[in-house]
Amino acid sequence: MTTFSDYMGGDHQRCDQLFADAEAAVEGGDWQKAGDAHRAFIDGMQHHFGMEEEVLFPAFEAASGSTMGPTAVMRHEHEQMRALFAEMDQALAQQRADDYLGASETLLILMQQHNAKEEQMLYPMSEQVLAAEQEELLQRMQARGE
Amino acid sequence: MNYTALSLSQTPPPSVPLPYFLLTPLFAATAALLLLLEGPQALATRWSPTMLALTHLMTIGVLGTTMLGALQQLVPVLVGVPLPAQRPVAWGLFLLWLAGSVLLISAMAAGWPTLLRFGGGALTLAVAVLTALVLRSVWRSSSRHATVRAMGLAVIGFAIAVTIALYLLLRFAGQLPLAHPLTTLHIGWASLGWLFLLLTGVAYQVVPMFQITPEYPAQLRRWLAPVMVLLLLLWSLQHWWPGFSLLGWSLAAGVALFALQTLRLQTKRRRRLNDVTLDFWRLAMISLLLAVVAWAAGQLFPSSPGLELALGLLFFVGFALSAVNGMLYKIVPFLIWLHLNNRLQQAGSWQGRVPNMKQVIPERPARRQFYLHLAALALLLVALYLPGMVLQAAAVVWLLSSLSLGWNLLQALRLYWRISANLREG
């Protein structure tokens with residue numbers, strides 16, 4: 001049976017690859033290609049955030065009876081990451097590779113430690129408190145279009 | 001388990017780790033300066049007082065100081081449990097550690113038994129407090145992550161190394177017992193039980209994180225640290241029951257395995273940008289492999305003092321210092337970005353622009369410092385066999401490298417202070 005850790009952890013890896021592609025394209029200096037790679041990465045991230053913010057977190061909050069726990073921290077870090085997406089958008093529009101790569105490096109560390117916390121704590125916790133609903137929730141997450 | 005009480009946000013304030021990180025390059029610069037002043041006689045034998053002071057400037061000064069700061073930063077985040085009274089503890093430990101290191105190391109260089117005991121006492125107290133705090137957090141944490149386990153074992157290894165040193169100090173009334181057989185145990189536990197295990201635990205986190213590599217194999221993460229500790233315990237028993245020469249070779253194989261595995265993961269990295277931290281870490285792993293080679297050569301050709309010095313140099317400067325130096329270029333800018341960002345949000349504004357990591361410490365000065373560090377290491381290795389002018393040049397380049405690291409970190413901190421002050425004024 002697929003678990004939150006499998007499915008969402010796999011999606012983290014997919015986003016990591018999109019991230020590496022976007023950075024490589026920006027460093028390579030082909031702005032057309034960089035724009036496409038950047039948008040693919042941002043779409044992937046927003047899709048991932050959507051699955052969590054719209055499906056997984058509300059279910060977790062309902063089951064644990066609080067919106068102030070770990071999900072609040074995760075939502076906060078999503079906002080911090082979105083602010084960095086905006087910086088990267090702007091750097092891309094102005095074709096400033098250094099600004100893009102500075103923002104992306106910052107995003108990388110933030111994103112990786114965020115993913116580690118989800119994979120090591122939040123997803124396993126979700127599998128416990130949401131054991132009965134896991135399958136149905138995963139179907140709802142998968143049903144969200146890209 | 002109370003899920004809601006478990007906060008995932010345990011980042012301590014910047015005043016907890018940053019003073020330690022700023023002290024790191026100062027200890028390295030002091031080591032370089034000492035080498036410059038003492039000249040070739042420092043390298044005559046590994047048992048010279050200067051060599052003793054140099055070694056401890058590296059271990060206690062550079063690596064111990066960084067570890068103290070990093071553990072107080074990382075443990076709360078990794079295990080999800082804050083350390084008690086973070087700020088007073090951080091500052092108390094900082095002063096105790098600084099005073100202890102300065103006393104102990106100057107006593108070693110100058111041969112003052114009384115100061116040696118005071119310094120040793122202060123450092124022991126600091127280590128005891130740190131060990132208790134870290135083990136308490138690891139114990140309470142629900143996390144059984146490989147990094148947490150390796151860090152817990154590393155702190156125990158550190159405590160064992162310190163205990164042996166303390167015994168030697170008391171037993172010989174503060175006279176330096178340089179070539180005592182127990183000294184070998186002290187060195188074994190300090191280098192492998194403490195520094196090596198600590199850096200493996202850190203590597204499990206940061207190598208995949210910074211370069212997007214695959215994870216270390218689960219079996220390696222699970223077993224390397226406990227097996228190394230077991231081997232070290234058996235190896236220590238040789239002190240009383242000699243005869244297992246294979247143990248040393250097994251320990252060396254464990255070290256080589258980790259270095260090779262790290263280099264292999266780095267070749268599989270998905271992030272292929274030029275990155276100064278990556279270069280520092282590759283240098284660290286190559287040095288670690290060369291250290292194993294130097295150790296093995298020393299076993300086969302026991303009467304070569306140059307090999308012993310090369311082993312120490314490759315392990316402490318080539319491996320441990322390179323890894324720490326590289327990490328500081330990621331950790332310090334990220335922490336500064338994170339805290340500025342949080343402060344800006346508390347001020348209720350997303351408008352102001354927080355400098356990104358590469359604006360906090362730009363790539364170019366960091367890379368210049370990497371080349372200085374690389375040149376210093378190469379010159380130091382050459383100087384083991386051709387002292388004289390080469391040694392002086394090596395010491396000068398090492399001094400420049402250390403000061404340049406310090407300068408880069410200080411510039412980052414000044415940026416942080418400036419923007420924080422602006423935020424306060426609104």
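Since the structure is predicted, the reported quantities are computational estimates derived from the model, not experimental observations. So that the names make sense, note that chain A is the first sequence line, chain B the second, and so on, each numbered from 1.
- Nearest heavy-atom pair, B/Arg270 versus A/Gln13, reported as atom, atom and distance to 0.1 Å: NH1-O, 2.9 Å.
- Between B/Glu215 atom CD and A/Glu119 atom CD the span is 7.5 Å, to the nearest 0.5 Å.
- Using a cutoff of 4.0 Å between basic side-chain nitrogens and carboxylate oxygens, B/Arg271 and A/Glu105 are scored as salt-bridged.
- Only the side chain of A/Leu84 comes within less than 4.5 Å of a heavy atom in chain B; its backbone stays farther off.
- For B/Arg272, the CZ atom is densely surrounded, since the number of other residues' heavy atoms within 6.0 Å is greater than 12.
- Counting non-hydrogen atoms of neighbouring residues, nucleotides and ligands closer than 6.0 angstrom, the CD atom of A/Gln32 reaches no more than 12 such neighbours.
- Residue A/Glu23 holds its CD atom at 7.0 Å from CD1 of B/Ile212, rounded to the nearest 0.5 Å.
- Taken from CE in B/Met209 to CE in A/Met111, the straight-line distance is 10.0 Å, to the nearest 0.5 Å.
- Of the atoms belonging to B/Gln205, it is side-chain heavy atoms, and not backbone ones, that fall under 4.5 Å from chain A.
- The shortest distance between side-chain heavy atoms of A/Asp98 and B/Lys358 does not fall below 4.5 Å.
- Donor-acceptor pairing under 3.5 Å is recorded for the side chains of B/Asn342 and A/Gln80.
- In this structure, the separation between CG on A/Asp99 and CD on B/Gln359 is 5.5 Å, given to the nearest 0.5 Å.
- The environment of A/Glu135 atom CD is sparse: at most 12 non-hydrogen atoms of other residues, nucleotides or ligands sit within 6.0 angstrom.
- B/Leu273 CG to A/Ser104 OG: the interatomic distance, rounded to the nearest 0.5 Å, is 7.0 Å.
- Of the two parts of A/Glu27, only the side chain, counted from C-beta on, holds a non-hydrogen atom closer than 4.5 Å to a non-hydrogen atom of chain B.
- Other residues, nucleotides and ligands contribute only 12 or fewer heavy atoms inside 6.0 Å of the CZ atom of B/Arg87.
- A/Leu108 has its side chain out of reach of B/Phe334: every pair of non-hydrogen atoms, C-beta onward, lies at least 4.5 Å apart.
- Side-chain atoms of A/Thr106 come within 3.5 Å of backbone N or O of B/Met357 as a donor-acceptor pair.
- Heavy atoms closer than 4.5 Å to chain A are found in the side chain of B/Asp275, but not in its backbone.
- Counting only heavy atoms from C-beta outward, the side chains of A/Ile109 and B/Phe210 approach each other to under 4.5 Å.
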